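These numbers come from the heavy atoms of this one structure, side chains and all, not from hydrogens, waters or symmetry mates. All of these numbers come straight from a predicted model, not from anything done at the bench. Below, read A as the first sequence line, B as the second, and so on, with proteins coming before strands; counting in each chain starts at 1.
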2 protein chains.
Amino acid sequence: MLPLDDYVPYLLNRAGARIAASFSDEVRPFGITLQMWRALAALTDRDGQTVGELSGRTAIEISTLSRVLDGLQRRKLVERKRAEDDGRVVTLYLTPAGRTMTRRVIPIAERYERVAIAGLSARDVATLKRLLRELYANMDKLCANRAASDS
Amino acid sequence: MLPLDDYVPYLLNRAGARIAASFSDEVRPFGITLQMWRALAALTDRDGQTVGELSGRTAIEISTLSRVLDGLQRRKLVERKRAEDDGRVVTLYLTPAGRTMTRRVIPIAERYERVAIAGLSARDVATLKRLLRELYANMDKLCANRAASDS
DNA sequence: AGCAAATATTTGCATTTGCAAATATCGTGA
DNA sequence: TCACGATATTTGCAAATGCAAATATTTGCT
């Protein structure tokens with residue numbers, strides 16, 4: 001049979017959905033959505049990324065991301081620049097207001113990290129992070145294979 | 001600063017989004033969505049659940065779930081029954097067609113489990129499952145606290 | 001140089017989502 | 001028993017999402 005509580009994708013989805021819902025509530029007062037925050041955070045981490053890179057890093061579907069960026073741009077938190085060397089590519093930069101927004105939200109994000117891993121040992125947390133990264137890499141490989149076999 | 005690749009909610013969201021997107025592609029040919037599958041799987045695990053219970057178990061927002069159930073009912077995969085002892089409650093049952101659908105999709109789900117955890121030791125997998133369950137419980141506590149303080 | 005294929009991003013359109021309000025039923029205390 | 005608050009589910013409506021097609025630019029081939 002199907003032991004649901006022992007099935008990794010289910011556990012992952014469920015935990016992810018719960019934390020996403022809570023965090024959405026937290027950033028709403030700032031006038032941004034969870035996806036907007038995820039894009040902002042990824043841009044804070046590294047400036048000047050392209051839309052495609054950002055999509056890969058955040059796992060936000062690229063056309064969705066394009067509209068998330070519309071919102072961020074309208075709110076003057078992010079700037080889009082057409083790259084000079086390759087006119088197809090759009091590079092993304094935080095505005096000063098975007099940086100301010102990030103500074104304000106980071107404490108909340110840090111609180112969520114603490115709440116999420118409450119009661120876990122440092123060793124467990126390190127393991128969890130490593131495993132989530134490996135899992136992501138595994139799914140990436142699958143995507144690549146599927147893309148290759150579609151052609 | 002914000003070491004994004006070391007931040008649990010981000011890693012979780014990212015891995016969850018990626019696996020969800022791939023799995024959606026897999027169940028689409030069966031005419032169902034990922035959320036429909038998650039509901040079906042949870043009902044296979046235990047029959048006769050209420051809408052609220054199912055929402056809690058799947059972390060699908062309850063009004064969304066209500067409409068997911070509309071879809072499942074229209075496809076004759078799930079039946080809604082008003083409970084006899086409490087007229088507010090709706091209990092949910094798989095139809096034979098629902099059970100057939102589940103039987104067909106389970107092999108795909110099992111393949112995804114294998115792909116997701118490829119390269120991880122049995123010990124690591126056990127740890128991952130335990131940690132994901134604890135994390136979910138932690139977020140549940142947070143939700144409960146927030147709900148209490150809102151009143 | 002010139003054109004077809006490849007790559008990056010955006011947009012059209014239909015579906016899905018979720019907050020808030022509505023609806024339906026139950027439980028409790030006067 | 002009759003209101004009134006609590007609980008369970010559904011629905012209204014606006015926003016978010018994602019597939020497929022459109023657009024814009026570059027690269028490779030001749």
Below 3.5 Å, can you tabulate the donor-acceptor pairs from side chains in residues 60-68 of chain B to any protein atom, sequence neighbours excluded?
residue : atom : partner : partner atom : Å
B:Glu61 : OE1  : B:Ser63 : N            : 3.0
B:Glu61 : OE1  : B:Ser63 : OG           : 2.7
B:Glu61 : OE1  : B:Thr64 : N            : 3.3

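The salt bridge (charged side-chain N to carboxylate O under 4.0 Å, His left out) analysis of residues 87-104 of chain B, with sequence neighbours excluded, yields the pairs B:Asp86-B:Arg88. For residues 121-135 of chain A, the set of pairs meeting the side-chain hydrogen bond (donor to acceptor under 3.5 Å, both in side chains) definition, not counting sequence neighbours, comprises A:Asp124-B:Arg130, A:Lys129-B:Asp6, A:Arg130-A:Glu134, A:Arg130-B:Asp124.
With a heavy-atom cut-off of 4.0 Å to chain B, the contacted part of DNA chain C has its first and last nucleotide at C:dT16 to C:dC26.
Within the 3.5 Å criterion, the main-chain N or O of A:Gly87 finds a donor-acceptor partner in the side chain of A:Arg82. Side-chain N or O atoms of B:Tyr136 include none that pairs as donor or acceptor with a backbone N or O of A:Ile19 at under 3.5 Å. Under a 3.5 Å cut-off, the side chain of B:Asn13 and the backbone N or O of A:Gly16 do not form any donor-acceptor pair.
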Protein-nucleic acid N or O pairs under 3.5 Å, nucleotides 15-19 of chain D:
residue : atom : partner : partner atom : Å
D:dG18  : OP2  : A:Thr64 : OG1          : 2.8
D:dG18  : O6   : A:Arg67 : NH2          : 2.8
D:dC19  : OP1  : B:Arg28 : NH2          : 3.2
D:dC19  : N4   : A:Ser63 : OG           : 2.8

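For B:Arg111, the side chain to side chain contact (heavy atoms under 4.5 Å, CB included) partners are B:Glu26, B:Ile108, B:Arg114, B:Val115, not counting sequence neighbours. Residues forming a side chain to side chain contact (heavy atoms under 4.5 Å, CB included) with B:Ala83 (at least two apart in sequence, or on another chain): B:Asp85, B:Val89, B:Thr91. Partners of B:Ala17 by side chain to side chain contact (heavy atoms under 4.5 Å, CB included), not counting sequence neighbours, listed by chain and number: A:Ala59. In this structure A:Glu113 satisfies the side chain to side chain donor-acceptor pair (under 3.5 Å) test with no other residue, sequence neighbours excluded. For A:Ala97, the side chain to side chain contact (heavy atoms under 4.5 Å, CB included) partners at least two apart in sequence or on another chain are A:Leu77, A:Thr95.
In the helix from C:dA1-D:dT30 to C:dA30-D:dT1, the terminal helix axes, each the rotation mapping four pairs' C1' atoms onto the next four within five end pairs, subtend 10°, rounded to 10°.
At the heavy-atom level, A:Arg80 lies under 4.0 Å from the strands shown only through sugar-phosphate atoms.
Salt-bridge annotation for B:Asp70 and B:Arg75: absent, with no side-chain N of the basic residue lying under 4.0 Å from a carboxylate O of the acidic one.
Only B:Arg88, B:Val89, B:Val90, listed by number, bring a heavy atom of residues 85-92 of chain B to less than 4.0 angstrom from any atom of DNA chain D.
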